Amino acid sequence: MERNLKQELEELNIVSVECCGVGTEKDIFSCIDAIKEHMAAFPDSEKIAHMKDAMERREARRKAASLK
């Protein structure tokens with residue numbers, strides 16, 4: 001089955017791809033595959049939990065600093 005570059009870029013909301021030198025379609029598909037592997041290894045739920053924890057810790061630091 002032949003891959004559709006435009007469709008895969010749209011599915012990932014990628015609007016541009018930058019390469020050093022000449023980037024071929026094969027290079028871009030390799031990048032897309034790496035992005036998909038990363039997304040599978042780090043699901044959105046984990047990212048959201050990490051961001052929420054970081055925001056809570058930041059807010060705690062702000063509150064502690066404002067008490068002084």
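Model, not experiment: these values are computed from the prediction.
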Problem set entry | Where at least one partner belongs to residues 9-32, residue pairs that pass ring-ring contact (aromatic ring centres under 6.0 Å, His included), sequence neighbours excluded | none
Problem set entry | Linked hydrophobic residues, Met55 as query - side chain contacts closer than 4.5 Å | none
Show which side-chain atoms of residues 31-42 pair as donor or acceptor with protein atoms under 3.5 Å away, not counting sequence neighbours.
from  : atom 1 : to   : atom 2 : distance (Å)
Asp33 : OD1    : Arg3 : NH1    : 3.2
Asp33 : OD1    : Arg3 : NH2    : 2.7
Asp33 : OD2    : Arg3 : NH1    : 3.2
Lys36 : NZ     : Glu8 : OE1    : 3.1

With a cut-off of 3.5 Å and sequence neighbours excluded, list every side-chain donor-acceptor pair involving residues 11-22.
from  : atom 1 : to   : atom 2 : distance (Å)
Glu11 : OE2    : Gln7 : NE2    : 3.1

Problem set entry | Pairing residues for Thr24 by the side-chain contact (heavy atoms from CB on, under 4.5 Å) criterion, not counting sequence neighbours | Lys26, Asp27
For this session: Go through the structure and list residues passing side-chain contact (heavy atoms from CB on, under 4.5 Å) with Lys6, not counting sequence neighbours.
Result: Asn4, Glu10
